[in-house]
Amino acid sequence: MDFEFSEKVQDLRKKLTAFMEEYIYPNERLYHRHVEEDRRRPAPIIEELKPKARAAGLWNLFLPKAENGGGLTNLEYAPLCEIMGRCLWAPEVFNCSAPDTGNMEVLERYGTPEQKERWLKPLLDGEIRSCFAMTEPGVASSDATNIEASIRRDGDEYVLNGHKWWTSGAGDSRCRLAIFMGKTDPAAPKHRQQSMILAPMDAPGVKLTRLLTVFGYDDAPHGHGDVIFSNVRVPVSNLLLGEGRGFEIAQGRLGPGRIHHSMRLIGVAERALEMMCARVKSRVAFGKTLADQGTIRADIANSRIEIEQARLLVLKAAYLMDSAGNKAAKTEIAMIKVVAPTLALAVIDRALQAHGGAGVSQDFELAAMWANSRTLRLADGPDEVHREAIAKTELRK
């Protein structure tokens, strides 16, 4: 496995790093101020920076196909995704933020020409946003076969009914589309009961009831929606791939999504370590800088060791996805999905401790970084599900 970055990737890394330093980090406080002024309105700074990112060739880098995206492999995208992950809102500037990335991949891979023209094109252009309506409050949604929402055929339309939550992005005023997962045939074999369909967010019967908080953060304007679909009618042509193919689409969608989360988390951990190092070199306690304290030095060393280990596993998983396919890499994807958030949380926690009371305040990004990273031990499958899959593979050996 050759993990050395190509000249193309090295060039993109330099451009992306320079963009982050010139436009993203200096505007973090401005972004928060924009959001506080109007929590439902997209932050103007993001819309101002999107044309700059596009002009710099830093747009849709996540999408492998060159005609619509960066034409990068997973292995090539990994170090770029890591850089974007250093700021929670940065990926949107480059049109590389979840859940739009996963939804765009679904439409690219499974959509009809008409579906692509109506929904994929404006998503690729960053004109609209989307959400993914799968998780339900009434069932253990880590097992997608438990989904209870229904998709019922009625002539030339499907009728959608269901209660979804953690529908990330549903609170954004630019959100125009939900990819809705429900059952078209509860009597079919277990993994052929579910289907996915495109549901416009302005369709009659779609109601955003509330926005959920994450450890007190409402993640505005993006938001995590609690959404009711009540007799929502959409054309038959909005169905993705065919009846009974929903579980298949979900598996195809979640593989890249899981590794993208993991790539970004390496960036989160790197930034937390940098913040910790800067802090401990500038603070004096008990007659010497914190950087001269043995326990702090051990925290720094352990953080570096763990980041390097996690990055290598991310790169291995990306390499296998490229060389053998997502299915062949499923164990490595499961492993990194467990490792990356755990690693990020450990490093952020050490950085929080080194910052003292300031670390848990709004003056630094660390508290929000921790909250976001902690949710990723649940999103796209909780740790327990991935560990179960890894264990089954080992036992089969």
Side-chain angles (χ1 to χ4, degrees), residues 98-116 118-120 123 130-154 156-170 175-201 203 205-206 225 227-258 325-327 330 333-334 378-382 385-386 389:
D100 295 316
T101 49
N103 290 344
M104 284 187 268
E105 286 189 277
V106 166
L107 286 163
E108 175 73 35
R109 189 180 304 180
Y110 306 116
T112 65
E114 294 75 18
Q115 291 168 349
K116 291 180 181 180
R118 181 175 178 187
W119 300 112
L120 180 58
L123 281 168
S130 62
C131 60
F132 187 60
M134 185 179 85
T135 307
E136 299 177 6
V139 297
S141 301
S142 56
D143 178 358
T145 62
N146 283 340
I147 296 301
E148 293 181 339
S150 66
I151 303 173
R152 180 176 55 83
R153 179 80 180 253
D154 184 18
D156 293 333
E157 295 178 316
Y158 281 105
V159 182
L160 283 50
N161 281 284
H163 182 183
K164 302 289 185 177
W165 73 342
W166 295 113
T167 311
S168 298
C175 185
R176 299 287 184 271
L177 172 70
I179 295 183
F180 179 93
M181 185 167 179
K183 289 187 176 180
T184 41
D185 184 2
K190 190 175 182 182
H191 294 91
R192 296 283 297 178
Q193 298 176 5
Q194 308 82 12
S195 300
M196 285 195 189
I197 196 163
L198 305 175
M201 288 296 285
V206 179
V227 189
I228 302 291
F229 293 80
S230 180
N231 293 319
V232 178
R233 290 182 171 271
V234 298
V236 167
S237 58
N238 280 25
L239 192 70
L240 284 165
L241 201 55
E243 289 193 8
R245 308 289 294 273
F247 193 87
E248 174 188 343
I249 297 171
Q251 292 303 105
R253 182 189 189 280
L254 292 173
R258 285 166 179 154
N326 293 2
K327 189 173 182 179
K330 65 181 182 180
I333 293 171
L378 295 166
D380 288 0
V385 170
H386 297 303

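For clarity, every value in this text was computed on a predicted model and none was experimentally measured.
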Residue pair [X] / [Y]: nearest heavy atoms and the distance that separates them:
X	Y	value
N146	A140	ND2-O, 3.1 Å
P235	I197	O-CD1, 4.4 Å
G169	C131	C-CB, 4.2 Å
H163	P137	O-CD, 3.3 Å
N238	P200	ND2-CD, 4.1 Å
R258	I333	CB-CG2, 3.8 Å

Counting distance only, does the side-chain N/O of S141 pair as donor-acceptor with the main-chain N or O of E136 below 3.5 Å?
->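 Pair found, side chain donor or acceptor close to backbone of E136.
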For the atom pair [atom1] ([X]) and [atom2] ([Y]), what is the distance rounded to the nearest 0.5 Å?
X	Y	atom1	atom2	value
R153	L239	CZ	CG	9.0 Å
Q194	E248	CD	CD	11.5 Å
R253	D380	CZ	CG	7.0 Å
I179	L240	CD1	CG	6.0 Å
L120	Q115	CG	CD	10.5 Å
K183	S195	NZ	OG	11.5 Å

Report yes if some heavy atom in the side chain of [X] is under 4.5 Å from a heavy atom in the side chain of [Y]; otherwise report no.
X	Y	value
M134	I147	yes
N103	L177	no
V234	L198	no
S237	T112	no
D185	R192	no
M201	R176	no

Do other residues, nucleotides or ligands put more than 12 heavy atoms under 6.0 Å from K330 NZ?
->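 Not more than 12 within 6.0 Å, no.
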Take atom CG in D156; do more than 12 heavy atoms of anything else shown fall under 6.0 Å from it?
->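 No, the 6.0 Å shell around CG holds no more than 12 heavy atoms from other groups.
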Could you tell me whether K164 sits above the aromatic face of F180, with NZ or CZ closer than 6.0 angstrom to the six-membered ring centre and within 45 degrees of the axis?
->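 Here K164 passes the 6.0 Å and 45° test against F180.
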R245 to Y110 six-membered ring, cation-pi geometry met (6.0 Å, 45°) =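 Here R245 fails the 6.0 Å and 45° test against Y110.
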For S150, side-chain contact (heavy atoms from CB on, under 4.5 Å) partners two or more places apart |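 S150: side-chain contact (heavy atoms from CB on, under 4.5 Å) contacts with N161.
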Please say which of R233, E243, R152 ends up in a side chain to side chain contact (heavy atoms under 4.5 Å, CB included) with Y158.
->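 The single option meeting the side chain to side chain contact (heavy atoms under 4.5 Å, CB included) with Y158 is E243.
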Apply ring-ring contact (aromatic ring centres under 6.0 Å, His included) to F247 and list each qualifying residue two or more places apart in sequence or on a separate chain.
-> H191
